[in-house]
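Scroll down for the structure; my scribbles are underneath it.
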4 protein chains.
Amino acid sequence: MPVPAPKWTRQPELRPRQIMAAALDVFAAKGFERATMDEVAEAAGVTKGTIYLYFRNKLDLFIQTLRTHVEGVTDLLPSVRVAAGEDVEAGARLLAKALLDVLMTPTMTKVFHLFIAEVKQIPELRQAYIEEWLPQAGLRIATLLEEGVRSGALRPLDPVITARAIMGMFSAFVLTQEVFGMKDITPMPLDEIANTIVTISFRGVLAS
Amino acid sequence: MPVPAPKWTRQPELRPRQIMAAALDVFAAKGFERATMDEVAEAAGVTKGTIYLYFRNKLDLFIQTLRTHVEGVTDLLPSVRVAAGEDVEAGARLLAKALLDVLMTPTMTKVFHLFIAEVKQIPELRQAYIEEWLPQAGLRIATLLEEGVRSGALRPLDPVITARAIMGMFSAFVLTQEVFGMKDITPMPLDEIANTIVTISFRGVLAS
Amino acid sequence: MPVPAPKWTRQPELRPRQIMAAALDVFAAKGFERATMDEVAEAAGVTKGTIYLYFRNKLDLFIQTLRTHVEGVTDLLPSVRVAAGEDVEAGARLLAKALLDVLMTPTMTKVFHLFIAEVKQIPELRQAYIEEWLPQAGLRIATLLEEGVRSGALRPLDPVITARAIMGMFSAFVLTQEVFGMKDITPMPLDEIANTIVTISFRGVLAS
Amino acid sequence: MPVPAPKWTRQPELRPRQIMAAALDVFAAKGFERATMDEVAEAAGVTKGTIYLYFRNKLDLFIQTLRTHVEGVTDLLPSVRVAAGEDVEAGARLLAKALLDVLMTPTMTKVFHLFIAEVKQIPELRQAYIEEWLPQAGLRIATLLEEGVRSGALRPLDPVITARAIMGMFSAFVLTQEVFGMKDITPMPLDEIANTIVTISFRGVLAS
DNA sequence: TATGAATGAGCGTTCATTCAT
DNA sequence: AATGAATGAACGCTCATTCAT
């Protein structure tokens with residue numbers, strides 16, 4: 001007599017990732033408040049109670065989901081390496097393209113939007129941004145710029161403002177193309193975006 | 001019976017404006033889902049039932065509130081006029097500063113954040129963006145750029161991409177300074193922001 | 001055309017009493033934890049949400065329900081008046097009978113049991129007992145006894161202990177007959193109970 | 001292989017006792033409904049599943065816990081033996097003190113309170129009371145009283161009512177001192193309580 | 001027009017119980 | 001025998017919406 005298939009199996013190692021993956025999708029699709037724990041559970045293939053074995057409450061699930069996926073992304077970033085060579089501008093183009101590839105990832109897009117949407121309501125997010133994510137990204141760029149200014153290679157612009165302006169160009173495309181859904185209406189090749197951003201950043205729009 | 005003298009002052013009924021003003025504050029402070037009709041009512045100085053005399057439901061209130069306040073802002077934009085003169089760059093600095101002044105307005109900040117947070121969930125917002133707000137802003141800039149390219153004054157960059165990159169620089173500061181609350185941590189004078197954006201846009205970061 | 005009967009009517013004055021009356025029954029029947037707000041609502045003829053218009057939460061409803069009904073009972077107590085006359089013992093019999101009549105009331109029985117069952121879990125109840133109900137009852141008796149001892153009419157017994165012992169006799173019958181449901185198994189006329197308690201209290205069981 | 005020496009010590013399986021001991025504490029501390037199986041398990045030093053190896057469900061655990069501990073107490077009662085001698089009243093004082101010592105035991109206090117709190121909800125408890133515990137205690141006293149009345153040593157009071165009144169005096173102190181927590185507020189020596197109860201019972205409060 | 005009492009559907013969370021390991 | 005992961009039903013509470021006044 002065949003043993004009937006078990007209704008469920010123990011997966012204590014797997015469950016958290018499984019749940020957070022589902023949570024990211026559901027939260028991204030409906031927003032934090034509109035998403036229900038039942039939807040997350042169903043998307044994860046478990047029942048609601050199971051989520052509470054691994055996460056204290058909905059907010060905890062949300063925060064951990066974002067943190068984990070951000071880490072997953074920043075793990076990719078080392079591959080975004082400066083091709084530090086003779087031609088800085090050419091290296092920057094490669095870099096910009098690599099960065100855009102990461103930012104436009106489905107995962108990153110979702111994280112990005114959720115973060116912007118909820119940062120004002122959730123102090124933990126703001127704190128993570130200020131204490132972890134901001135230094136990892138913005139300050140690194142600002143430092144590079146500062147050195148460039150000091151060496152005379154770059155104009156004497158405020159490095160923090162400049163860094164933020166440049167990052168703003170990147171995020172503009174994440175927001176409009178992916179979040180606002182413009183990629184179907186005004187499709188743009190990623191490398192053309194990267195090239196344009198780099199050209200503007202280095203040399204501006206004026207014909208020389 | 002004599003007809004009463006025509007009232008020249010436009011009298012858009014008081015109540016809806018009163019309610020929408022309160023709604024903008026409450027929605028901005030708590031987000032669409034977290035905000036309750038009771039809170040809006042209390043902030044507006046009316047009772048919950050009254051809101052439903054003027055708005056079909058919560059979503060309707062939200063959409064109308066955003067639309068109305070966006071109109072209120074675009075009414076301000078004509079004052080952002082090109083000082084079209086000899087020195088285009090100098091004119092652009094004035095323009096950029098004027099634009100930032102409007103974008104950093106408390107009202108505009110709220111609208112901006114709410115729009116980004118909810119655009120994905122609320123089709124009406126996306127539609128308004130694509131059909132009304134985007135043409136009013138992005139396309140206008142793109143057209144200008146296109147002309148500049150054609151006349152040879154500007155580099156041959158894709159105008160749509162370039163326009164969006166430039167707008168991205170502005171919005172970056174709205175988001176970080178106002179929404180993320182960085183203005184207390186990294187305060188930046190508006191005119192310095194404006195100047196930096198214009199310099200980068202026109203001439204890039206490289207020392208010439 | 002006849003106006004259809006309204007689904008519900010406004011009863012802001014009535015609702016709290018109505019709800020607390022239902023709550024007492026439901027809580028008494030099922031205990032605080034087992035009772036559900038839906039059951040209370042149904043028993044009160046309203047819906048769950050209505051309860052929350054008048055009570056902050058389930059615990060608040062419980063406490064207020066007990067307090068209100070205790071007050072309702074102590075309002076009856078003034079009728080329990082000492083027929084202070086020549087024959088103290090005869091007066092006491094009347095008094096005891098009147099007290100038992102009140103204690104054996106369905107309402108008082110429920111309050112009594114609920115109080116005993118939950119006093120340990122609910123600090124507010126303990127506080128109310130110590131600060132309000134105990135002084136109203138126990139201390140009054142103790143004071144009477146103290147005077148009796150001082151005048152030489154009573155034995156030199158500790159008044160507080162004696163008062164509590166006498167009250168214990170009364171509550172024993174509330175508990176066993178009403179709460180444990182013994183009144184169907186060992187029925188006892190109230191006046192015989194009262195007489196027995198008084199005889200024991202005054203003169204003991206020993207034949208003189 | 002030599003057969004191990006027979007173990008003479010009665011080894012009622014360890015686990016059930018261990019669990020019931022923990023259960024009594026947890027149930028007493030939080031009440032039946034508020035107590036969770038997890039808490040009981042943790043207090044017993046086992047895991048939740050283990051409880052279900054020995055008890056069908058939570059209610060079964062509760063009932064068996066009370067029964068077992070009541071038996072444990074009635075095992076103590078034989079030591080409460082009538083010092084049947086010349087001076088009945090002096091013997092009663094010893095008896096009353098011994099009884100109070102047992103009733104005021106932490107275990108008995110817990111059992112007592114839990115029983116009162118839940119008897120109305122749990123038919124099995126009521127049945128146990130009526131069929132087992134009541135005959136063991138109340139009827140024994142009533143029988144004694146009945147004999148006393150017949151022999152003319154005692155007043156012609158109803159023995160059942162009288163027995164219950166006397167038991168009520170004892171339980172009053174269990175409830176107030178231990179359950180209501182009055183022992184910190186109005187501390188009373190046990191032997192003074194016992195003496196007072198006996199004096200009242202035998203001779204009443206009136207000075208002879 | 002305005003009020004606010006009343007509704008009722010919906011959701012987060014808990015927890016007794018089951019069952020794969 | 002023992003574990004503890006997983007289940008799923010149940011419940012307290014909220015809040016958008018309705019409607020009697």
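What you are looking at is a predicted structure, and each value in this text was computed from that prediction instead of being measured.
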Quickly work out the [X] [atom1] to [N] [atom2] distance and round it to whole Å.
X       : N      : atom1 : atom2 : value
C:Gln11 : E:dA6  : CD    : C1'   : 11 Å
B:Asp38 : E:dG4  : CG    : P     : 11 Å
D:Leu53 : E:dA20 : CG    : C1'   : 14 Å

Next on the checklist: So B:Tyr54, base contact, sugar-phosphate only, or nothing? Heavy-atom distance under 4.0 Å.
Outcome noted: sugar-phosphate
Next on the checklist: Classify C:Ala35 by what it touches in the nucleic acid, base, sugar-phosphate, or nothing, heavy-atom distance under 4.0 Å.
Outcome noted: sugar-phosphate
Out of [options], which has the shortest distance to the side chain of [X]?
X       : options               : result
A:Trp8  : F:dT7, F:dC13, F:dT18 : F:dT7
B:Val46 : F:dT7, E:dC11, E:dT3  : E:dT3
B:Thr50 : E:dT3, F:dA16, F:dT18 : E:dT3

Item to check | Earlier contact from the 5' end, DNA chain F, for C:Arg56 and D:Thr47 | outcome: D:Thr47
Checklist entry - Does B:Arg34 make a side-chain donor-acceptor contact with the base of F:dT14, cut-off 3.5 Å? => result no
Answer yes or no: does a side-chain N or O of [X] lie under 4.0 Å from OP1 or OP2 of [N]?
X       : N      : value
C:Arg15 : E:dA6  : yes
C:Lys7  : F:dC19 : yes
D:Lys48 : F:dG4  : no

Next on the checklist: Would you say CZ of B:Arg34 has more than 12 non-hydrogen atoms from neighbouring residues, nucleotides or ligands within 6.0 angstrom?
Outcome noted: yes
Item to check | Flag if over 12 foreign heavy atoms under 6.0 Å of CD, D:Glu42 | outcome: no
Item to check | Identified side chain to side chain contact (heavy atoms under 4.5 Å, CB included) counterpart of A:Leu114 within the set A:Leu66, A:Ile122, A:Val119 | outcome: A:Leu66
Next on the checklist: Strictly distance-based, threshold 3.5 Å: is any side-chain N or O of B:Lys58 a donor or acceptor partner for the main-chain N or O of B:Glu33?
Outcome noted: yes
Next on the checklist: Could you go through C:Arg15 and C:Leu53, starting from their C-alpha distance and side-chain angles, then the distance that decides it, and tell me whether this counts as side-chain contact (heavy atoms from CB on, under 4.5 Å)?
Outcome noted: CA-CA 10 Å; C:Arg15 287 282 179 264; C:Leu53 293 177; over 6 Å; no
Next on the checklist: Both distances below 3.5 Å, Watson-Crick or wobble geometry, any strand: find the nucleotide opposite E:dT13.
Outcome noted: F:dA10
Checklist entry - Across all strands shown, which nucleotide pairs with E:dT3 by Watson-Crick or G-U wobble geometry, both distances under 3.5 Å? => result F:dA20
